[in-house]
Amino acid sequence: MTTTSSKGVALSQEASDISQKIDLLTETSWEVCNKVGGIYAVLSTKAHVLNEQFGDKLAFIGPDIWTADNPSPYFKERKSLFKSAAARLELPWGITIRTGRWSVPGSPQVILVNPGDTQSNLPEIYGQMWNAFGVDSLHSYGDYDPSCAFAVASAIVIMKLAEYLKIEPSRVMAHFDEWTTGMGLLYIKAHSPRTATIFTTHATCIGRSICGNGKPLYDQFTHYDGDQMARELNMESKHSLEKAAAHNADCFTTVSDVTAAECAQLLRRPVDVVTPNGFEPDFVPKTVKYNRLRKDGRARLLKIAEALSGRKFAESTFLIATSGRHEYRNKGLDLFLDTVSQIDRRLPRDREAVAFILVPGWVKSYSPSLAEAIEGGFKDSESDYLTHRLYNEDSDEVCVRIRQLKDGGSFGHLKVIYVPCYLDGNDGIVNISYYDLLSAFDLTLFPSYYEPWGYTPLESVAFGVPTVTDNKAGFGQWVLDNFTNGIENCGVKVVPRDDSGYAMTRDEIATAALAYEAEDTHARLQARNMAFLTSAKTDWKYFIAHYDKAFRVALSRKNS
């Protein structure tokens, strides 16, 4: 049975029942209107379906880190929202807000929060949180204080907004993402206990840190104690906050079965609901524009390759890519480079391939000589693999490994190119945004060691680009649970990863990539179509049901 929302959108009976029980739904994250990593993709693609269900009862809350000289490209200010609440809320500690719309499909309401002098009041708040929830903030450093200041200020805004709009706390649902907002959830629990709360961890602090420090997560998984590892890795405060938020939320969620096991082991709190990450199909251009973007993107990439190498590449050159955050081991950048080195050795001499690493580094500037070479058709004199100059070229792990492999005789045939910048369309070299460029590739490889979900392979298939990922990624496990494994079957090849089979995984990825490169045009087109079909199953209109379940759990717990 279905009903319709206030926007005239068909809703399931469960979705309708939930939306009628909530008068204010907020979701707070450091990545609202602030494109940092994968959580931005989660929220910005989910916004459309969530907004259809809740309309203007929904507000995303993010940090107001922007200035007049550096405005957010994703935020459109609208001062009339929430009945001019921005000017009328009585907020302490110099907290200020701006209201507007997020420039993504659905255009949901957004509140950007400037915490003002909240950070100066944190010592007293930390004492309260220690007494109430056992949160150990004594060992905090780095981004802990700024994150907590934003989280607490956001919690105060939520409570004051509900009060201003005369909404009963029992009809408010406050959702917080990651440890960076956990202090806000606890603040609401302490000061507005009738408000229902949800906490989502997209990756546990300790799990990510174990992997980032080169320790074997999988072979030793059942022997790890989260509290002990927090002390060993100097993560006591973040872990303590994350664990307290998980245990005190009315509903605790994570994004995959892979991370659910991690939460149970390291946080000692089983999740209530797994909420897998979907995708918004409106981000993918229609056929005519898609084909133009693919053609233009390939032309630009080949020009870059020609300028860096001093040789021409055929239009049929096999283009491979990886992307994501600059986490060398966690994101499998080490395995990607070693894999394309194997592809280089095994690729038939009459075939050409270029592998791109689209991973932001510590960029100093784009390379003017490369920009001139691209336009003039001659070889760049500064580098043969790097599109932008880095402050740390001598120590950047990707640069170091590329040089090692080149010195060892790799990449004599296959060309490897490192693009260490955010692809926002104005980087000086590529000058095409990531989503507009993605369709240009023939294949993507995402062999992550630590990947709670895996938005990059999901984005790849959403844009019709077959991908190889692994079973340690939540998305990879979801594919194994729902499809017959293989590029020819679903546009995705999922390979096994563990702590002892690095070379075997490398060789299996290389074999899959070479097999796909050898396919004819018809087989590749079929694989791209299968990728589109697989991504269609991740549409948020299907996956949002998991969030409706989380809302129901939170309301049930709060009202019990």
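Just so we're clear, the structure is a prediction, and the values are computed from it rather than from any experiment.
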Open item on the list: I'd like to know if the side chain of Q342 reaches the main chain of R506, judged simply by a donor and an acceptor atom lying under 3.5 Å from each other, with no hydrogens or angles considered.
Closed with: no
Open item on the list: When you measure from the side chain of D427 to the backbone of L423, do you find a donor-acceptor pair of N or O atoms at a distance under 3.5 Å?
Closed with: no
- [ ] Supply the atom-to-atom distance R208 CZ to Y450 OH, rounded to the nearest 0.5 angstrom.
- [x] 6.0 Å
TODO: Can you establish whether the number of heavy atoms outside Y366 located under 6.0 Å from its atom OH is more than 12?
DONE: no
TODO: Could you check if a side-chain atom of I320 sits within less than 4.5 angstrom of a side-chain atom of F336, using non-hydrogen atoms only?
DONE: yes
- [ ] Determine, for E232 against K215, whether the closest basic-nitrogen to carboxylate-oxygen distance falls under 4.0 angstrom.
- [x] yes
- [ ] Test F475 against every option in N277, V461, T456 by the side chain to side chain contact (heavy atoms under 4.5 Å, CB included) rule and name the one that passes.
- [x] V461
Task: From CA spacing to verdict: ring-ring contact (aromatic ring centres under 6.0 Å, His included), Y434, Y422 - done: CA-CA 8 Å; Y434 180 71; Y422 283 101; over 10 Å; no
Task: Donor-acceptor contact present, side-chain R389 to main-chain S365, <3.5 Å - done: no
Open item on the list: Could you check whether N70 and T67, counting side-chain N and O atoms only, form a donor-acceptor pair closer than 3.5 Å?
Closed with: no
- [ ] Would you give the length of the straight line joining atom OG of S448 to atom CG of N471, rounded to the nearest 0.5 angstrom?
- [x] 11.5 Å
- [ ] Would you give the length of the straight line joining atom NZ of K243 to atom CG of D136, rounded to the nearest 0.5 angstrom?
- [x] 12.0 Å
TODO: Would you list the pairs meeting ring-ring contact (aromatic ring centres under 6.0 Å, His included) in which at least one residue belongs to residues 372-421, sequence neighbours left out?
DONE: W362-Y391
Task: Residues T201 and T254: side-chain donor-acceptor under 3.5 angstrom - done: no
TODO: Could you tell me whether E451 and K472 have a side-chain N and a carboxylate O separated by less than 4.0 Å?
DONE: no
Task: Side-chain touch P466/E488, heavy atoms, less than 4.5 angstrom - done: no
- [ ] Please report the shortest heavy-atom distance between V104 and A47, naming the atom on each side.
- [x] CG2-CB, 4.2 Å
Task: Under 3.5 Å side-chain donor-acceptor pair for W30 and S147 - done: no
TODO: Classify the angle between the aromatic ring planes of Y455 and F279 as parallel (below 30°), tilted (30 to 60°) or perpendicular (above 60°).
DONE: tilted
- [ ] Report the distance from atom CG of L370 to atom CD1 of I304, rounding to the nearest 0.5 Å.
- [x] 6.5 Å
Open item on the list: Within this structure, what is the CZ-CD1 distance for the pair R231 and I206, rounded to the nearest 0.5 Å?
Closed with: 10.5 Å
Open item on the list: Are V359 and Y328 packed together at the side-chain level, in the sense that at least one heavy-atom pair is separated by less than 4.5 angstrom?
Closed with: no
Task: Centroid separation F463 to Y290 less than 6.0 Å - done: no
- [ ] Sorted by first residue and then second, give each side-chain hydrogen bond (donor to acceptor under 3.5 Å, both in side chains) pair with at least one member in residues 512-521; sequence neighbours left out.
- [x] R351-E517
Open item on the list: Less than 6.0 angstrom separating the ring centers of W102 and F60, yes or no?
Closed with: yes
- [ ] Decide whether a cation-pi geometry holds between K238 and Y141; the criteria are a distance under 6.0 Å from NZ or CZ to the six-membered ring centre and an angle within 45° of the ring axis.
- [x] yes
